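Note that the coordinates shown come from a computational prediction; the quantities given were computed from them, not determined experimentally.
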Amino acid sequence: MRPGLARLLLYLLLGFSAGLPFYMFSTVLALRLTEHGVGLVVIGFFAWVTLLPTFKFLWAPLLDRYDVPGFARFWGKRRGWIMLSQLGIFSSLVAMAVSSADHSLPLTALFAVLLAFWTTTLEIAADAWRIELAPTQDEQGPIVAANLWGYRTAMVAAGSLALIVADRAGWTSAYLLIALAAFLPFPLLA
């Protein structure tokens with residue numbers, strides 16, 4: 001059985017939501033820090049945040065084992081984690097927007113780590129839910145393709161659109177715009 005258009009759209013948006021933050025805590029953040037006069041050595045330390053998603057294999061068993069209190073009761077384990085991570089991504093991006101002057105680098109680092117954490121959580125939960133929703137290979141292919149297309153499109157959007165907005169309206173506006181865009185799948189999940 002082939003997945004429906006609604007499911008493909010949902011996974012396109014989930015991929016988009018997971019892809020947007022990656023550049024915001026990596027490349028875009030490095031450019032922001034450079035603009036604020038932060039030294040290259042310190043920016044190099046910030047680059048370590050991008051390693052967090054590579055440790056999915058450590059975090060995934062916990063998501064598989066535990067429900068999100070409150071969320072799982074209404075939406076189930078997978079959607080509960082997805083919804084919590086969507087809120088975490090949105091909140092982390094808003095926090096990065098509010099602190100976009102980078103007066104406190106430890107605070108900026110904390111928000112970047114939180115953003116990477118919630119992004120990784122979204123990817124893990126969305127992958128697990130996809131496997132439950134589409135258990136056969138025939139069903140998996142189109143959903144994986146939609147998810148990857150959304151992810152890659154988001155990386156381009158964050159890598160270019162966020163910089164255009166930052167150039168014209170400032171870093172706060174750029175991060176707020178990406179926060180809103182990353183939140184797109186949330187209403188479809190409820």
Asks: According to the interplanar angle, ranging from 0 to 90°, do the rings of Phe57 and Phe55 count as parallel (below 30°), tilted (30 to 60°) or perpendicular (above 60°)?
Replies: tilted

Asks: Minimum heavy-atom separation for Pro53 to Thr120, with atom names?
Replies: CA-OG1, 3.3 Å

Asks: State, to 0.1 Å, how close Leu14 and Asn147 come at their nearest heavy-atom pair, and which atoms those are.
Replies: C-ND2, 4.0 Å

Asks: Show the nearest heavy-atom pair for residues Met155 and Gly19, with the distance to one decimal.
Replies: CG-O, 3.8 Å

Asks: Do Leu148 and Leu10 sit in one hydrophobic cluster, given that two such residues count as connected whenever their side-chain heavy atoms are within less than 4.5 Å of each other, even indirectly?
Replies: no

Asks: Kindly give the heavy-atom pair with the smallest separation between Ile82 and Ala125, and that separation in Å.
Replies: CG1-CB, 3.6 Å

Asks: Within a strict 4.5 Å, meaning less than it, do heavy atoms of the Ile143 and Leu8 side chains meet?
Replies: yes

Asks: Would you find a donor on one side and an acceptor on the other, under 3.5 Å apart, between the side chain of Thr172 and the backbone of Val98?
Replies: no

Asks: Before you tell me yes or no, could you show the steps for Leu105 and Val38 under side-chain contact (heavy atoms from CB on, under 4.5 Å), namely the whole-Å CA-CA distance, both residues' side-chain angles and the distance that decides it to 0.1 Å?
Replies: CA-CA 9 Å; Leu105 291 181; Val38 176; 4.0 Å; yes

Asks: Can you find a heavy atom in the side chain of Leu180 that is under 4.5 Å from one in the side chain of Phe90?
Replies: yes

Asks: Using the six-membered ring of Phe46, assess whether NZ or CZ of Arg32 lies under 6.0 Å from its centre and within 45 degrees of the ring axis.
Replies: no

Asks: State whether the side chain of Ser17 and the backbone N or O of Leu13 hold a donor-acceptor pair below 3.5 Å, judged by distance alone.
Replies: no

Asks: For Asp167, which residues count as a side-chain contact (heavy atoms from CB on, under 4.5 Å) partner, sequence neighbours excluded?
Replies: none

Asks: What do the steps show when you test Phe25 against Leu114 for side-chain contact (heavy atoms from CB on, under 4.5 Å), and what is the final call?
Replies: CA-CA 10 Å; Phe25 66 75; Leu114 287 172; over 6 Å; no

Asks: Taking side chain to side chain donor-acceptor pair (under 3.5 Å) as the test, write out the residues that go with Thr108, two or more places apart.
Replies: Asp102

Asks: Say you draw a straight line from CG of Leu93 to OG1 of Thr119; how long is it, rounded to the nearest 0.5 Å?
Replies: 7.0 Å

Asks: For the side chain of Gln86 and the backbone of Ala182, is there at least one donor-acceptor N/O pair under 3.5 Å apart?
Replies: yes

Asks: If you count every heavy atom of other residues, nucleotides or ligands that lies below 6.0 Å from Leu40 atom CG, does the total exceed 12?
Replies: no

Asks: Do any N or O atoms from the side chain of Tyr175 and from the backbone of Met24 form a donor-acceptor pair under 3.5 angstrom?
Replies: yes

Asks: For the residue pair Val94 and Leu176, establish whether any side-chain heavy-atom pair is separated by less than 4.5 Å.
Replies: yes

Asks: Considering only heavy atoms from C-beta outward, does the side chain of Gln140 approach that of Ile131 to under 4.5 Å?
Replies: yes

Asks: Kindly assign one of parallel, tilted or perpendicular to the pair Trp59 and Trp81, based on the angle between their ring planes and the thresholds 30° and 60°.
Replies: perpendicular

Asks: Answer yes if Leu122 and Leu87 sit in the same cluster of Ile, Leu, Val, Met, Phe, Trp and Tyr residues linked by side chain heavy atoms under 4.5 Å apart, and no otherwise.
Replies: yes

Asks: Rounded at 0.5 Å granularity, tell me how far OG in Ser26 sits from CG in Leu115.
Replies: 9.5 Å

Asks: Would you say Tyr66 ends up clustered with Met83 if hydrophobic residues are merged whenever their side chains have heavy atoms under 4.5 Å apart, either directly or through other cluster members?
Replies: yes

Asks: Heavy atoms, side chains only, cut-off 4.5 Å: are Trp171 and Val28 in contact?
Replies: yes

Asks: What distance separates Ile43 CD1 from Leu31 CG, expressed to the nearest 0.5 Å?
Replies: 8.5 Å

Asks: Shortest non-hydrogen contact from Asp138 to Pro142?
Replies: O-CD, 3.3 Å

Asks: By side chain to side chain donor-acceptor pair (under 3.5 Å), which residues pair with Asp127, not counting sequence neighbours?
Replies: Arg130

Asks: Quick check: closest heavy atoms across Leu63 and Ile124, and the distance to 0.1 Å?
Replies: CD2-CG2, 3.7 Å

Asks: Hydrophobic clusters here meaning ILVMFWY residues chained together by side-chain heavy-atom distances under 4.5 Å, can you tell me if Leu12 and Val156 are in one?
Replies: no

Asks: Using modelled atom types only, decide if a donor and an acceptor are shared between the side chain of Thr50 and the backbone of Ala47 within a distance under 3.5 Å.
Replies: yes

Asks: Can you tell me how far apart CD1 (Ile89) and OG1 (Thr121) are? Round to the nearest 0.5 Å.
Replies: 8.0 Å

Asks: Atom CG of Leu5 and atom CZ of Arg7: how far apart are they, to the nearest 0.5 Å?
Replies: 12.0 Å

Asks: Any Lys/Arg nitrogen of Asp64 or Arg78 sitting under 4.0 Å from an Asp/Glu carboxylate oxygen of the other?
Replies: yes

Asks: Is it possible for you to say whether Leu62 and Leu84 belong to one hydrophobic cluster, with membership spreading through side-chain heavy-atom contacts below 4.5 Å?
Replies: yes

Asks: Assess the residue pair Tyr11 and Trp129 against the criterion (side-chain contact (heavy atoms from CB on, under 4.5 Å)); give the C-alpha distance rounded to whole Å, side-chain angles, the decisive distance to 0.1 Å, and a yes or no.
Replies: CA-CA 10 Å; Tyr11 268 87; Trp129 194 36; 3.4 Å; yes

Asks: Distance-only, no hydrogens or angles: does the Thr27 side chain make a donor-acceptor pair with backbone N or O of Tyr23 under 3.5 Å?
Replies: no

Asks: Return the CE to CG distance between Met96 and Leu110, rounded to the nearest 0.5 Å.
Replies: 10.0 Å

Asks: Step through the shown structure and confirm whether more than 12 heavy atoms of other residues, nucleotides or ligands are within 6.0 Å of CD on Glu132.
Replies: yes

Asks: For side-chain contact (heavy atoms from CB on, under 4.5 Å), just list the numbers for Ser92 and Phe111, CA-CA rounded to whole Å, side-chain angles, deciding distance to a tenth of an Å, and then say yes or no.
Replies: CA-CA 6 Å; Ser92 298; Phe111 295 146; 5.6 Å; no

